[in-house]
Asker: 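The structure under discussion is supplied below as structure tokens; questions concerning it will follow.
What's counted below: heavy atoms across the whole structure, side chains too, no hydrogens, waters or symmetry copies.
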Amino acid sequence: MDKPRGKDSFSLLYRTGFRINYALLHVMGPASQTLETDPQHRAKKEYERRRGLHRAWKAHQRSEQRDRA
């Protein structure tokens, strides 16, 4: 399994930007909308998706290291 890159990256820069964006949407974002159109909900879903890919990649890396030992 390859490390997620590009639009699937879970880098420190992405995580920092997400937290800033999420906080700004909470304070200055639009009023509550439906789940499909709420930008705060969409950002959270994208964060969860990327975190899941990152965790799967890390688990794969750990299992490869155990297999080598």
Side-chain angles (χ1 to χ4, degrees):
M1 174 180 227
D2 294 333
K3 182 176 184 177
R5 297 186 187 282
K7 292 187 178 187
D8 293 331
S9 174
F10 195 64
S11 65
L12 182 59
L13 182 61
Y14 169 76
R15 290 179 286 179
T16 304
F18 165 78
R19 295 201 188 283
I20 292 169
N21 185 36
Y22 194 78
L24 288 173
L25 284 171
H26 183 71
V27 175
M28 301 184 311
S32 295
Q33 302 174 358
T34 64
L35 291 179
E36 297 83 29
T37 59
D38 188 10
Q40 191 175 17
H41 180 71
R42 278 186 286 159
K44 186 70 170 175
K45 275 180 61 175
E46 177 65 12
Y47 180 85
E48 296 294 333
R49 184 188 71 81
R50 287 186 182 202
R51 184 174 67 177
L53 286 172
H54 182 74
R55 285 181 174 173
W57 174 73
K58 287 295 241 182
H60 180 75
Q61 292 295 326
R62 280 187 236 113
S63 69
E64 278 187 352
Q65 286 178 352
R66 274 187 251 129
D67 291 344
R68 288 184 202 147

Asker: Kindly indicate, with the supporting measurements, whether the criterion side chain to side chain contact (heavy atoms under 4.5 Å, CB included) is fulfilled by R42 and D38.
Answerer: CA-CA 6 Å; R42 278 186 286 159; D38 188 10; over 6 Å; no

Asker: In Å and rounded to the nearest 0.5 Å, what is the CZ to NZ distance from R51 to K44?
Answerer: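 Going from the CZ atom of R51 to the NZ atom of K44 covers 6.5 Å.
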
Asker: Atom CZ of R5 and atom OG of S11: how far apart are they, to the nearest 0.5 Å?
Answerer: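 If I round to the nearest 0.5 Å, the distance is 11.0 Å.
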
Asker: Is there a side chain to side chain contact (heavy atoms under 4.5 Å, CB included) between W57 and H54 once you walk through the steps?
Answerer: CA-CA 5 Å; W57 174 73; H54 182 74; 4.2 Å; yes

Asker: Are E48 and K45 close enough for a salt bridge, meaning some N to O gap below 4.0 Å?
Answerer: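 Result for this pair is no, no salt bridge flagged.
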
Asker: Counting only heavy atoms not in D2 (residues, nucleotides, ligands), do more than 12 fall under 6.0 Å from its CG?
Answerer: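 Not buried by this count: 12 neighbours or fewer within 6.0 Å.
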
Asker: Between P30 and L25, which heavy-atom pair has the shortest distance, and what is it?
Answerer: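 It is CD-CD2, 4.4 Å.
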
Asker: Mind listing the closest non-hydrogen atom pair of Q61 and M1 along with its distance?
Answerer: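 The pair with the smallest heavy-atom distance is NE2-O, 4.1 Å.
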
Asker: Is there a donor-acceptor pair closer than 3.5 Å between any side-chain N or O of R50 and the backbone N or O of K7?
Answerer: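 Side chain of R50 to backbone of K7: a pair is present.
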
Asker: Taking only residues two or more places apart in sequence, or in another chain, which ones meet E64 in a salt bridge (Lys or Arg N to Asp or Glu O under 4.0 Å)?
Answerer: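 Partners of E64 under the salt bridge (Lys or Arg N to Asp or Glu O under 4.0 Å) test: R68.
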
Asker: Could you check if a side-chain atom of Y14 sits within less than 4.5 angstrom of a side-chain atom of E46, using non-hydrogen atoms only?
Answerer: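 When only atoms from C-beta onward are counted, E46 and Y14 do touch, with a gap below 4.5 Å.
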
Asker: Quick one: closest heavy-atom pair of L35 and H41, and the distance?
Answerer: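 Shortest heavy-atom separation between L35 and H41 comes out as O-CD2, 3.3 Å.
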
Asker: Is there a path of hydrophobic side-chain contacts, each under 4.5 Å between heavy atoms of I/L/V/M/F/W/Y residues, joining L13 to F18?
Answerer: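 Not linked; separate clusters.
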
Asker: Could I get the full list of side-chain contact (heavy atoms from CB on, under 4.5 Å) partners for R15, not counting sequence neighbours?
Answerer: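 R15 satisfies side-chain contact (heavy atoms from CB on, under 4.5 Å) with F10, L12, Y47 only.
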
Asker: Could you walk me through whether N21 and Q40 pass the side chain to side chain contact (heavy atoms under 4.5 Å, CB included) check?
Answerer: CA-CA 9 Å; N21 185 36; Q40 191 175 17; over 6 Å; no

Asker: With distance as the sole test, does S9 use its side chain to make a donor-acceptor pair with the main-chain N or O of G6 at under 3.5 Å?
Answerer: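 Not a single qualifying donor-acceptor pair exists.
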
